[in-house]
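Given the structure is predicted, the values throughout are model-derived calculations rather than measurements. Chain letters run A, B, ... following the sequence lines, proteins first, then strands; residues in each count from 1.
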Number of protein chains: 2
Amino acid sequence: MGRMTGGDPSLLRRINSAVVLHALRGTECATLTEITRVTGLSRPTVEGVVEGQIEAGLVVEVAAEEGAARRQGRPARRFRFRAEAGYLLGLEIGSHRVSAVLSDLDGRILGTAQKAVLASAPADERLERLRATVADLLRRTGVSRQGVRAVGVGSPGIVEADGTVRLGTALPEWTGLELGERLRRSFRCPVLVENDANTAAVAEHWKGAAAGSDDVVYVMAGLSPGAGSLIGGRLHRGFGGAAGEIGALHLLGRGETPETLLSTNGEPLHPLDEQAVAAVFADARDGDAQAQAALDRFVRRLVHDVAALVLALDPEVVVIGGWAAGLDGVLEPLRKELARYCLRTPRVALSVLGEAAVATGALRLALDHVEEQLFAVETTVTARR
Amino acid sequence: MGRMTGGDPSLLRRINSAVVLHALRGTECATLTEITRVTGLSRPTVEGVVEGQIEAGLVVEVAAEEGAARRQGRPARRFRFRAEAGYLLGLEIGSHRVSAVLSDLDGRILGTAQKAVLASAPADERLERLRATVADLLRRTGVSRQGVRAVGVGSPGIVEADGTVRLGTALPEWTGLELGERLRRSFRCPVLVENDANTAAVAEHWKGAAAGSDDVVYVMAGLSPGAGSLIGGRLHRGFGGAAGEIGALHLLGRGETPETLLSTNGEPLHPLDEQAVAAVFADARDGDAQAQAALDRFVRRLVHDVAALVLALDPEVVVIGGWAAGLDGVLEPLRKELARYCLRTPRVALSVLGEAAVATGALRLALDHVEEQLFAVETTVTARR
């Protein structure tokens with residue numbers, strides 16, 4: 001601590017470098033004079049930093065004709081952040097499909113890909129489908145595997161910090177799978193594995209229904225629901241990564257199991273049988289009384305789950321994703337019941353990103369990781385401002 | 001940002017000052033040479049900083065005989081942090097009593113005081129009892145009101161940032177009360193008002209059942225339960241200050257109201273009638289079947305509430321306070337049921353601080369406030385280490 005506060009020159013260098021990168025990233029291109037003005041750094045400092053960043057491949061001089069209109073005399077040199085200096089991948093591993101989304105260092109989406117997979121597929125087959133999806137996407141976008149700087153992955157289950165799935169009953173052979181380790185063999189960069197409801201929460205906060213709100217609960221409503229939450233803009237994983245794993249909440253409440261919840265004939269449904277569930281939803285829309293009763297049970301369970309989360313966390317906004325996002329008239333009963341149970345009622349919104357939420361949030365986590373490396377020092381200094 | 005990172009001298013001064021104060025506070029007393037070694041600062045910097053802190057009354061030179069054994073020649077001057085340079089108050093405003101606890105700047109408890117108050121007492125009377133309790137405590141400890149640097153207050157209800165009670169049904173005339181404003185008239189220092197379950201959580205984390213754990217849920221188990229939680233060591237208030245206000249959870253579950261829960265004769269109890277509740281608990285201990293059945297219902301409700309909080313938050317430890325803390329055999333059913341419902345089971349412990357929890361946590365909040373002023377800069381710099 002002492003040396004740092006005494007003015008560690010390498011710390012200052014890193015701070016200055018992060019400040020310049022941050023300034024360049026916020027604009028299309030800038031002259032040294034402009035960078036000097038925006039950052040408050042001295043001209044020689046800015047020159048030294050920019051020189052180093054050009055060497056590192058993060059900054060490039062913009063050709064004169066690319067820049068603003070010429071003035072008289074020799075035009076000032078202009079520089080820009082090289083968003084194409086690296087790429088990020090966001091991956092979703094679901095029960096029925098795997099998907100991938102690719103972006104540059106600015107988070108601009110360059111392409112997406114997906115493949116169907118059987119709910120019963122063993123882990124090897126599921127991961128093979130994922131690898132094929134990624135290969136497809138990289139080929140189509142012309143991005144080399146070596147250019148990928150970080151990979152984020154959204155998967156069902158409780159995921160350890162190293163990417164091992166501690167518990168994951170939604171996918172075959174998932175519990176105990178060293179998912180992070182397995183995927184790291186395919187990539188020469190950091191691979192970050194996260195619970196799927198958590199990445200979906202991150203995505204809706206980044207560019208979805210929760211944009212602008214830092215206290216968010218995302219509910220992935222299915223037969224066995226999960227939730228992800230952001231507190232003060234940061235993902236809340238819980239002490240053991242199990243926060244929001246609310247699948248058992250119904251046991252505490254009305255005692256209906258997921259399998260019987262949407263059953264219209266007394267026969268339990270399989271929790272992952274989306275076709276059977278879609279059929280119930282369709283029948284309800286067509287006026288089938290039993291299907292409507294089943295749907296009512298589903299919405300009541302959703303209300304119960306959401307209310308428990310809201311009472312515990314008091315979020316600014318609740319985003320409803322998963323199956324429920326596709327249902328008409330799910331928001332009104334939710335809002336009405338929340339107003340009844342909660343001392344402070346949050347805003348309730350449907351997911352904006354829908355099926356893209358999990359992979360998009362995984363991409364954001366990868367981007368966060370790289371940004372932390374590029375801007376770590378700056379974050380430290382501005383943390384409390 | 002630019003000026004700061006370019007080496008703002010006043011920022012550096014504040015950092016250095018905080019570093020020295022921190023070093024002095026961690027030891028009984030120290031020489032300039034020792035401070036220089038511990039902090040990594042230069043001798044002239046340390047001398048300048050210590051000089052300023054002596055002027056500010058925060059540091060004092062220790063008389064030679066107070067220090068370590070003399071060596072040959074003139075002994076080195078020794079300095080210590082003046083914990084007596086200021087005092088903190090922690091206050092509890094409850095339905096049946098008000099209490100106060102006083103400490104110095106090191107958080108060392110110097111005294112406590114309390115007075116009974118009627119559950120039906122209007123707000124003015126309750127606040128008057130509180131003032132009398134504080135006056136009593138200050139008189140007994142010989143501390144002047146002007147020496148109090150910050151006051152923390154724990155009170156039932158949802159409390160706004162400015163100390164206004166947005167909703168507080170547990171105490172008469174509490175909803176809408178400008179509690180912070182009212183108390184600020186009695187003190188010439190910052191007054192921080194916080195929900196009582198929240199301050200209790202802070203207290204158990206500071207010096208109770210959750211010491212050493214940063215992810216904590218504290219449940220104040222009464223007929224209408226409340227909860228407070230720490231996430232990553234920080235109090236989680238929620239977006240609107242209503243996090244943990246789980247009084248309505250039972251409505252979502254088995255539908256029993258607080259008033260009928262512990263009734264043994266069909267007549268509803270008043271939620272604040274602690275004597276009636278104590279009688280039921282005593283009857284249960286004596287083997288009364290109806291009282292035992294009522295107690296079973298109480299524990300089942302507690303299990304339901306705790307499980308919902310655990311599923312939403314995934315804490316490392318759950319601390320049970322309030323009435324339930326005095327019950328025999330409440331932990332075992334809780335642990336058993338949590339293991340059944342939760343994917344990751346937290347440690348469950350009874351409150352260590354008992355009735356002192358709310359005021360102790362309020363004191364800690366006051367201490368945090370003052371420490372933030374003294375050490376704010378240091379916190380910024382070390383936030384990510």
K.L.:
The criterion is side chain to side chain donor-acceptor pair (under 3.5 Å); which residues satisfy it with R344(A), sequence neighbours excluded?
P.N.:
D314(A)
K.L.:
Looking at every non-hydrogen atom in both residues, tell me the closest pair between A312(A) and A243(B) and how far apart they are.
P.N.:
O-CB, 3.5 Å
K.L.:
Identify, with sequence neighbours excluded, every residue that meets side chain to side chain donor-acceptor pair (under 3.5 Å) alongside R43(A).
P.N.:
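T33(A), E47(A).
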K.L.:
As an exercise: rank G241(B), S213(B), G232(B), G244(B) by heavy-atom pairs under 4.5 Å with chain A and give me the winner.
P.N.:
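Highest number of pairs under 4.5 Å: G244(B).
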K.L.:
Rounded to the nearest 0.5 Å, how far apart are CZ of F239(A) and CG of D214(B)?
P.N.:
9.0 Å
K.L.:
Given a strict heavy-atom distance threshold of 4.5 Å, which part of A227(A) is in contact with chain B: side chain, backbone, both, or neither?
P.N.:
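When you check distances to chain B, no heavy atom of A227(A) falls under 4.5 Å.
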K.L.:
Are any non-hydrogen side-chain atoms of H236(B) and I231(A) less than 4.5 angstrom apart?
P.N.:
yes
K.L.:
At a 4.5 Å cut-off on heavy atoms, which part of R237(B) comes close to chain A: side chain, backbone, both, or neither?
P.N.:
backbone
